[in-house]
Amino acid sequence: MIHAEPFEARLVAARPLSALVRELSFERADGKAFQFEAGQWVNLVLPLPGGEVKRAYSIASAPGGSPRFDLAVTRVEGGAGSEFLHRLEPGAALRAVGPHGLFTRDPADPAPSLFVATGTGVTPLRSMLHASLGAGRAAPHLWILFGARFEEDVIYRDELEALARGSDRIRHEITLSRGGPSWAGRRGYVQAHVPELYRELAAASGDPAPHVYICGLDRMVSTVRELARGELGVPRKHVHVERYD
Ligand SMILES: Cc1cc2nc3c(=O)[nH]c(=O)nc-3n(C[C@H](O)[C@H](O)[C@H](O)COP(=O)(O)OP(=O)(O)OC[C@H]3O[C@@H](n4cnc5c(N)ncnc54)[C@H](O)[C@@H]3O)c2cc1C
C-alpha cells in the first residue's frame with residue numbers, strides 16, 4: 001500500500017484530447033518519483049477565487065517511477081474546478097495529495113478483464129492497460145468498451161487501437177449513443193454491449209469469470225455493475241467500480 005502525501009505538482013504540458021477533454025501532464029516539483037498503482041487518483045487543490053477546492057482526477061499514465069503523471073479533465077459546463085484546469089498554463093504549480101483509491105489492478109494479474117468506460121472514465125483503465133503491457137509477461141485478455149455520444153468524443157482512440165492491432169489479446173470497442181449516419185460501429189449505451197462482449201471474452205480467454213472494471217459517472221457505473229452481478233453472474237469480487245460523481 002502506497003501512502004498518500006501532499007506535494008507540489010507543476011504543469012509541464014497540456015494538449016486537447018477532444019473538444020471537451022484536456023490532457024494535463026504534471027511533474028512533482030521536488031523531482032521525486034510519483035509512486036502510485038495503476039487505477040489510482042490524485043486530489044488537486046485548486047486556488048479558486050472563492051477559496052480552495054479539492055477535485056479528484058484519475059491518473060491516466062502508467063506507474064513508471066518518474067516524477068511525471070498525466071490526467072485527463074472533462075470540461076463541465078459551469079464547473080469551477082474543471083474550467084480552472086482547462087485554463088491552467090504550463091509552468092503553473094498546484095498542491096496535490098495522493099495517490100488515493102482502491103480501484104486498482106495488479107499489472108501481473110493474468111485474469112482476463114473487460115474494461116467499461118464512458119468519457120474520461122477510460123483514464124484509469126488506460127493506466128492499467130499500459131501497466132499490464134509493461135509488466136514483461138504475456139498480457140492477459142484485456143478488452144475495452146468505450147462509450148461516447150459522438151465519434152469526436154472518443155479519447156485516446158489512435159493509441160488504444162494501435163495497442164489492439166499489436167496484440168490479439170487487446171480489443172478496443174467503441175459504442176456511440178448519437179453516432180452519425182456514417183458511423184458503422186456499435187450504437188447505443190455501453191450496457192447494450194456488455195453481455196455479448198463479456199460472454200465472448202469468457203470464451204476467448206477460456207476463463208468462465210473474467211473481471212469487469214467499470215469507470216465513469218454513477219448512472220452508467222451502477223447500471224453496468226448490476227448487469228454484471230445479476231444477469232451475467234460475475235462473482236462480486238470480480239466487479240470493480242470507480243464513480244466520478
Ligand atoms: C475518484 C474520482 C476520480 C475522478 N477522476 C476524474 C477524471 O479523471 N477526469 C475528470 O474529468 N473528472 C474526474 N472526476 C471528477 C472531478 O473530480 C470533478 O468532479 C469534475 O472535474 C467536476 O468538477 P467541477 O468543479 O468542474 O464541477 P462541479 O461543479 O464540482 O460538478 C458539476 C457536476 O459535474 C459532473 N461531472 C463530474 N465529473 C464529470 C466528468 N468527468 N464528466 C462529465 N461530468 C462530470 C457531476 O455530475 C457534478 O455534479 C473524478 C472524481 C472522482 C470522485
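For reference, positions follow the sequence shown, starting with 1. All ligand and atom numbering here is 1-based and tracks the order in the structure.
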Closest candidate by heavy atom, reference atom 20 (C) of ligand 1, pool Phe84, Tyr57, Phe103: Tyr57
Minimum-distance protein heavy atom relative to [atom]:
| atom | value |
| --- | --- |
| atom 11 (O) of ligand 1 | Thr74 N, 2.8 Å |
| atom 46 (C) of ligand 1 | Asp245 CB, 3.7 Å |
| atom 27 (O) of ligand 1 | Gly79 CA, 3.3 Å |

Numbered atoms of ligand 1 (with element) below 4.0 Å of [X], judged on heavy atoms:
| X | value |
| --- | --- |
| Arg55 | 18 (C), 23 (O), 24 (P), 25 (O), 30 (O) |
| Trp41 | 1 (C) |
| Thr120 | 9 (N), 10 (C), 11 (O), 41 (N) |
| Val73 | 11 (O) |
| Thr123 | 8 (O) |

Please confirm whether [X] approaches ligand 1 to less than 4.0 Å, judged on its heavy atoms.
| X | result |
| --- | --- |
| Val76 | yes |
| Val53 | no |
| Ala80 | yes |

So how far is it from [X] [atom1] to [Y] [atom2], rounded to the nearest 0.5 Å?
| X | Y | atom1 | atom2 | result |
| --- | --- | --- | --- | --- |
| Asp70 | Ser25 | CG | OG | 3.5 Å |
| Leu129 | Tyr213 | CG | OH | 12.5 Å |
| Glu159 | His172 | CD | NE2 | 9.5 Å |
| Leu94 | Glu52 | CG | CD | 10.0 Å |

Between the side chains of Arg28 and Glu5, is the shortest nitrogen-to-carboxylate-oxygen separation below 4.0 Å, so that they form an ion pair? yes
Is it true that Glu8 and Arg10 make a salt bridge, defined as a side-chain N closer than 4.0 Å to a carboxylate O? yes
Return a yes/no value for [X]: is any of its N or O atoms, backbone included, closer than 3.5 angstrom to an N or O of ligand 1?
| X | value |
| --- | --- |
| Ser82 | yes |
| Glu242 | no |
| Ala56 | yes |
| Gly78 | no |

Which atoms form the tightest heavy-atom contact between Thr118 and Leu217, and what is the distance? OG1-N, 4.3 Å
Any side-chain donor-acceptor pair under 3.5 Å between Ser58 and Tyr244? yes
Ligand 1 versus [X]: contacting region, heavy-atom distance under 4.0 Å:
| X | value |
| --- | --- |
| Tyr244 | both |
| Ala60 | neither |
| Leu217 | side chain |
| Arg243 | backbone |

Would you say Leu71 and Leu48 are hydrophobically clustered, going by side-chain heavy atoms of ILVMFWY under 4.5 Å? yes
Hydrophobic clustering (ILVMFWY, side-chain heavy atoms < 4.5 Å, transitive) - are Leu227 and Tyr189 grouped together? no
Measuring to protein heavy atoms, does anything land under 4.0 Å from [atom]?
| atom | result |
| --- | --- |
| atom 2 (C) of ligand 1 | yes |
| atom 8 (O) of ligand 1 | yes |
| atom 31 (O) of ligand 1 | no |

Glu37 (side chain) donor-acceptor with Arg105 (main chain) under 3.5 angstrom: no
Taking Asp106's backbone N and O only, do any of them form a donor-acceptor pair with Asp109's side chain (distance below 3.5 Å, no angle check)? no
Audit row: Val116, His193, side chain to side chain contact (heavy atoms under 4.5 Å, CB included) steps and yes/no: CA-CA 10 Å; Val116 183; His193 303 281; over 6 Å; no
Side-chain heavy-atom pair Val42, Phe26 within 4.5 angstrom cut-off: no
